[in-house]
2 protein chains.
Amino acid sequence: MKDGMTIGDAAKASGVNAKLIRYYESIGLIPEAVRTASGYRVYSATDVNILRFVKRGRTLGFGIERIQKLVGLWNDRSRCSSEVKRIALQHIEELEAKITELQAMRDTLHDLADACHGDERPECPILKDLAS
Amino acid sequence: MKDGMTIGDAAKASGVNAKLIRYYESIGLIPEAVRTASGYRVYSATDVNILRFVKRGRTLGFGIERIQKLVGLWNDRSRCSSEVKRIALQHIEELEAKITELQAMRDTLHDLADACHGDERPECPILKDLAS
DNA sequence: CCTTGACCTTCCAATCGTTGGAAGCCCCAT
DNA sequence: ATGGGGCTTCCAACGATTGGAAGGTCAAGG
């Protein structure tokens, strides 16, 4: 193999765990890797770029399925940017919803914790709320 | 059975799905239900209270394990409220961390979406970032 | 009494993304 | 050739929930 690296090297180069790379391949997120005669997967610089793309997408909270779509758009030179933007905006909406939900949890708990003396006495507004 | 209800009734009364009630029993979060001669689970008003406690805890984002601890403290009349408060504060911290993480994702994506024309042209800062 | 339909039972599987282990093969260096 | 580290595949677990299949039970109505 002249230009290829092993899965371990690709993992180091992309920041994606070797196990995860195999998983991504198994679910069809990335194409099946070329193999050496003995069965080792071989990766090129292009493959590493795809892996980095995937990793960045995960960091931004995109689900695998959505990343798959983005990879497709990435490889389609004639795609409209509007299509990508639509996916991003939808993801932003979902992030907002999750954030709002978590903030509501935090605020409620914050109020309860404020009302709780937090001393050696058994009286506890937090448990009182949970039992309500 | 004089005072008992079926799992379906307990589900309606507590808001916890019957399947989930069985699951909670299987992992030991709630005690094993009494059974009728034919094997049906029987629930009391007290059981429903526990289920509501669990559901409220889940709504506030507590994990099962932590809820288990809270149920234990709830049943311990001599517990310190400080112990409950400590759990709540730790959970608040974790919620904050998750919120911050999601906000960072949202902010980054927001900037990228702003920079993206979102028209029929292929030029797209979002994909450019992902590929970086 | 018998059927019907709604409920209950258990067991098994899928979700989502990732990580871990076991068993076995491959490659390189000593 | 012996060791050790990386590679392979397969299987399982995480957390919480949901779904389905196959079969038993209960209550109501014909």
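Candidate nucleotides D/dG19, D/dA16, D/dC7 were compared by shortest atom distance to the side chain of B/Lys19, and D/dG19 ranks first. Checking C/dG17, D/dC26, D/dA16 against the side-chain heavy atoms of B/Ser38 singles out D/dC26 as nearest. Proximity note for B/Ile7 (side chain, C-beta onward) versus C/dT19, C/dT18, C/dC8: the nearest is C/dC8. Here C/dT18 is the nucleotide among C/dT18, D/dC7, C/dT9 with the atom lying nearest to any side-chain atom of A/Tyr23. Considering only the side chain of A/Arg22, D/dT8 comes nearest among D/dT8, C/dT9, D/dT17.
With rounding to whole Å, A/Arg35 atom CZ is found 16 Å from C/dC25 atom P. Rounded to an integer number of Å, the gap from CD1 of B/Ile21 to C1' of C/dT9 is 14 Å. Rounded to a whole Å, the CZ atom of A/Phe62 is 13 Å from the P atom of C/dG17. B/Ile64 places its CD1 atom 8 Å from the C1' atom of D/dG15, with the value rounded to the nearest Å. For the pair A/Ile27 CD1 and C/dT19 P, the computed distance is 14 Å after rounding to whole Å. The interatomic distance linking A/Glu25 (CD) with D/dT8 (P) rounds to 9 Å, in whole Å. Put simply, CD on A/Gln68 is 10 Å from P on C/dG17, counting in whole angstrom units. Computed from coordinates, the B/Leu29 CG to D/dT17 P distance equals 10 Å when rounded to whole Å.
When heavy atoms are screened at a 4.0 angstrom cut-off, B/Arg41 is found touching the sugar-phosphate backbone but no base atom. Residue contacts shown for B/Arg66 are absent, as no nucleic acid heavy atom lies under 4.0 Å away.
For the OP1/OP2 pair of D/dT17 and a distance below 4.0 Å, the side-chain nitrogens and oxygens of B/Tyr24 include at least one atom meeting the criterion. In terms of phosphate contacts, B/Arg58 brings a side-chain nitrogen or oxygen within less than 4.0 Å of OP1 or OP2 of D/dT17. For the pair B/Thr6 and C/dC8, the criterion of a side-chain N or O lying under 4.0 Å from OP1 or OP2 is met.
Between the side chains of A/Ser44 and A/Asp47, at least one donor N or O sits under 3.5 Å from an acceptor N or O.
Positionally, the nearest nucleotide of DNA chain C for B/Ala18 lies more toward the 5' end than for the other of A/Leu20 and B/Ala18.
When all heavy atoms of B/Ala88 and A/Leu109 are compared, the pair lying nearest together is CB-CD2, 4.2 Å.
Evaluated for a side-chain contact (heavy atoms from CB on, under 4.5 Å) with A/Val16, the options A/Val48, A/Leu51, A/Val54 yield exactly one hit, A/Leu51. For the side-chain contact (heavy atoms from CB on, under 4.5 Å) criterion with B/Leu89, the lone passing option out of B/His91, B/Glu93, B/Lys85 is B/Lys85.
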Working note: B/Glu101 + B/Lys98, criterion salt bridge (Lys or Arg N to Asp or Glu O under 4.0 Å); need CA distance, chi angles, decisive distance, verdict.
CA-CA 5 Å; B/Glu101 186 190 349; B/Lys98 192 72 192 165; 3.6 Å; yes

